[in-house]
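Here is the naming used below: chain letters follow the sequence lines, and residue numbers restart at 1 for every chain.
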Amino acid sequence: MSRVKIKSALGQEPGKEITVKGWVRAFRSNRFIALNDGSTINNIQVVINADQLEESVLKNISIGAALAITGDLVASQGKGQYVEVIAKSIIVLGTADPEEVQKTILQPKRHSLELLREQAHLRFRTNLFGAIFRIRHAMTYAIHNYFNEKGFYNLHTPIITGSDAEGAGEMFRVTNLPLENIPLTEEGKIDVEQDFFGKETNLTVSGQLEAELGAMALGQVYTFGPTFRAENSNTSRHLAEFWMIEPEVAFADLKDDMELSEDFMKYVIQYALDNCKDDLAFLLQRETNEDKQKPQAERNELNLIERLEFVVSNSFERITYTEAIEILQRSKPYKKKKFKFPVEWGVDLASEHERFLVEKHFKKPVIIFDYPKEIKAFYMRNNDDGKTVAAMDVLFPGIGEIIGGSQREERLNVLKEKIADFNIEEEHVWWYLDTRKFGTAPHAGFGLGFERLIMFVTGMSNIKDVIPFPRTPKNAEF
RNA sequence: GCUUCUUUAGCUCAGCUGGUUAGAGCACCUGACUGUUAAUCAGGGGGUCCAAGGUUCAAGUCCUUGAAGAAGCGCCA
């Protein structure tokens, strides 16, 4: 008999014989097995008659074991569930020694997120991480769906890149030179000509420059792939390896870019609300329980579902960088000298300033645009005021910067000046400049940190808990 | 990279101004249990007190250095 997934079995009317396969989550009273197969957060209850089972089988029904069970789906006599399976046959596919299980996070009790991270290979078996990674999948699907519906093409930009011009951060060097005997030139520098690619190569920090090349022919493209930063960042919002979504649109300006980012975010969050109800309900309950332990001031004003619905149903606030500075300078914390970092035109906004604007002042997602050109990247389009560039950041409550984007500088002469100002050699970006030589046109795009989106949707507060195997400084286990 | 905090049983933690054999709850093991769902009841086992060095008659406890983890900051997505 072929296997029925538990998600499907739980939705069926009682009356027929089925086979389910999964892992034991609980075994109570020598009679009730809670079985989970990952198809849903919900377990199916299997009722057994211990007298009719062989001793060896009964002995091996323990938490963590994998079972195949055939039996009749019936209406449950107990309270917690609508249907249950009365087992006729039980096959133990894989045992799990309780003494060993006890040393792992499979033991049935509450575990700290830190311990779960140390056993990331097993944390999928928990309700929490099952929910998170089902939602992560749903969001991946929603993103491809959104762009496909809007006529974007998914573009696979290289992971190993010879481009070092983006300036988005420290990069991981890619080489197959012998590390114990690195060939040097006469000047004593690394002889990159002997390396695999004959030049210096790194893991990509962004697919944007390549995405622009695609957009300038295909019209609308997006990337969705792994991205690497060798920054020694020790925070709950940074990873050395993360996934980024980067749409790039020809014939679009900054306003179009902001509209795209808002429409996109609302679509994918609505998708989660519509398609991840069980998992979100679990995460909501978890957050509510956690909040009860906290002092009033640290509790969430809106609960998880309310926050998601709030984003979907309210427009994002849009202010210029200049307006943001003015608001901050008129604010109470500024006047009481509560800010650690200076607030004046020309300086980059610190986390404390962004949090004030998003969480205290506007209490909704905020898009800040038209930043001073000195604090932004070379490819961003100069505004006519001579001081700012057409850049925008989307800030989310509890997360901070979730999207960074801009209209790109499409004027060849201006771009060449900017490249010179940033001390980038033209020969390194000759291919990028070519798009400005042959049929240049206004275009814009943004980068979204996928894990930061998942943090917002799940309510998790550490980015290491929304990616299966986090890569961070001093940690590349699994 | 910086600041603060943490590291004691499988897990979460307690362990006072240094003092005899280091404790609790949960988990685990053994037994009981045919309507449980954080199952329950009785009994039992379980420790390199993160590492190295130091102070002291005596260190889980004090000092120094290091490692790992967390929160916050910087860099960003």
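For the P atoms, the distance from C57(B) to G44(B) is 42 Å, rounded to whole Å. Here the separation of C16(B) from U6(B), taken at their P atoms, is 14 Å to the nearest Å. Between the C1' atoms of U8(B) and G69(B), the separation comes to 16 Å (whole Å). Taking atom C1' on both nucleotides, C11(B) is separated from U17(B) by 32 Å, rounded to a whole Å. Spacing between A51(B) and C26(B) at atom P, rounded to whole Å, works out to 28 Å. As rounded to the nearest Å, G47(B) and U34(B) have P atoms that lie 35 Å from one another. U30(B) and U21(B) have their C1' atoms separated by 26 Å, given to the nearest Å. If you take atom C1' in U56(B) and the same atom in C62(B), they sit 10 Å apart, rounded to whole Å.
Gln208(A) and Tyr379(A) share a side-chain donor-acceptor pair at under 3.5 Å. Using modelled atom types, one finds no donor on one side chain facing an acceptor on the other under 3.5 Å when comparing Tyr82(A) with Gln12(A). No side-chain N or O of Thr227(A) forms a donor-acceptor pair with one of Arg229(A) less than 3.5 Å apart. Using modelled atom types and a 3.5 Å distance limit, the side chains of Gln119(A) and Thr104(A) yield no donor-acceptor pair.
Heavy-atom distances to RNA chain B give each of Ala350(A) and Gln77(A) a nearest nucleotide, and the one nearer the 5′ end belongs to Gln77(A).
One can place CD1 of Ile48(A) at 13 Å from P of G35(B), the figure rounded to the nearest angstrom. Atom-to-atom, CD1 of Ile375(A) to C1' of C75(B) comes out at 13 Å; the value is rounded to the nearest Å. Nucleotide C73(B) holds its P atom 10 Å from the NE2 atom of His238(A), rounded to whole Å. Remark: P of C11(B) and CG of Leu113(A) are 16 Å apart, rounded to the nearest angstrom. In this structure, Ile463(A) places its CD1 atom 13 Å from P of G72(B), rounding to the nearest Å. One interatomic measurement links the two molecules: CD1 of Ile399(A) to P of C76(B), which rounds to 18 Å at whole-angstrom precision. Ile403(A) has its CD1 atom 11 Å from the P atom of A77(B), to the nearest Å. With rounding to whole Å, Asn127(A) atom CG is found 12 Å from A38(B) atom C1'.
The partner of U36(B), taking Watson-Crick or G-U wobble pairs whose two distances both stay under 3.5 Å, does not exist in any strand shown. When both distances must be under 3.5 Å, the Watson-Crick or G-U wobble mate of G18(B) does not exist. The partner of G23(B) is C13(B), by the rule that a Watson-Crick or G-U pair needs both atom distances under 3.5 Å. Nucleotide C49(B) forms a pair with no other nucleotide shown, judged by Watson-Crick or G-U wobble geometry with both contacts under 3.5 Å. Across every strand in view, C5(B) sits in a pair with G69(B) that passes the Watson-Crick or G-U test at under 3.5 angstrom.
Put simply, the side chain of Glu84(A) and the base of G35(B) share a donor and an acceptor less than 3.5 Å apart. Side-chain atoms of Ser76(A) and base atoms of G35(B) include a donor and an acceptor less than 3.5 Å apart. Residue Arg452(A) places a side-chain atom within donor-acceptor reach of the base of C76(B), judged by atom type and a 3.5 Å distance cut-off alone. Looking at Ser233(A), its side chain has no donor and acceptor atom pair within 3.5 Å of the base of C76(B).
Between Thr40(A) and Asp279(A), every side-chain heavy-atom pair lies at or beyond the 4.5 Å cut-off. Between Asp278(A) and Lys7(A) there is no side-chain heavy-atom pair separated by less than 4.5 Å. The shortest distance between side-chain heavy atoms of Arg286(A) and Leu304(A) does not fall below 4.5 Å. Here the side chains of Asp37(A) and Lys5(A) are in contact, with some heavy-atom distance below 4.5 Å. Phe129(A) has its side chain within reach of Leu113(A): a pair of non-hydrogen atoms, C-beta onward, lies under 4.5 Å apart.
Nucleic acid contact class of Phe450(A) (heavy atoms, under 4.0 Å, all strands): none. Within 4.0 Å of Ile245(A), counting heavy atoms only, lies no atom of the nucleic acid at all. Glu99(A) comes within 4.0 angstrom of sugar-phosphate atoms only, judged by non-hydrogen atoms across all strands, and of no base. Residue contacts for Gly447(A): at a heavy-atom cut-off of 4.0 Å it reaches the sugar-phosphate backbone alone, with no base atom in range. At the heavy-atom level, Lys79(A) lies under 4.0 Å from base atoms of the strands shown. Residue contacts shown for Glu352(A) are absent, as no nucleic acid heavy atom lies under 4.0 Å away. Here Ala50(A) lies out of heavy-atom contact (under 4.0 Å) with every strand. In this structure, Lys464(A) reaches the sugar-phosphate backbone alone: every heavy-atom distance under 4.0 Å involves primed, P, OP1 or OP2 atoms, never a base. At a threshold of 4.0 angstrom between heavy atoms, the contacts of Asn462(A) are confined to the sugar-phosphate backbone, with no base atom among them. Nucleic acid contact class of Gln81(A) (heavy atoms, under 4.0 Å, all strands): base.
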Hey, what are the protein-to-nucleotides 12-14 of chain B N/O distances that come in under 3.5 Å?
residue: U12(B); atom: OP1; partner: Ser112(A); partner atom: OG; Å: 3.1

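For Lys59(A), the listed nucleotide lying nearest its side chain is U30(B); candidates were U30(B), G35(B), C29(B). With G35(B), A77(B), A71(B) as the choices, the nucleotide that has an atom nearest any side-chain atom of Arg31(A) turns out to be G35(B). Comparing A77(B), U34(B), C28(B) by their closest approach to the side chain of Asp51(A) singles out U34(B).
Side-chain N or O atoms of Ser29(A) include none that pairs as donor or acceptor with a backbone N or O of Arg31(A) at under 3.5 Å.
Other residues, nucleotides and ligands contribute over 12 non-hydrogen atoms within 6.0 Å of the CZ atom of Phe422(A). By the 6.0 Å contact criterion, CZ on Arg318(A) is enclosed, its count of non-hydrogen atoms from other residues, nucleotides or ligands being greater than 12.
Here Arg237(A) does not reach the OP1 or OP2 of C75(B): none of its side-chain N or O atoms lies under 4.0 Å away. Here Arg28(A) reaches the OP1 or OP2 of A39(B): one of its side-chain N or O atoms lies under 4.0 Å away. Side-chain N/O atoms of Ser351(A) include one lying less than 4.0 angstrom from OP1 or OP2 on G74(B). An OP1 or OP2 oxygen of G69(B) is reached within less than 4.0 angstrom by no side-chain nitrogen or oxygen of Asn475(A). One finds no side-chain N or O of Thr104(A) lying less than 4.0 angstrom from the OP1 or OP2 phosphate oxygen of G10(B).
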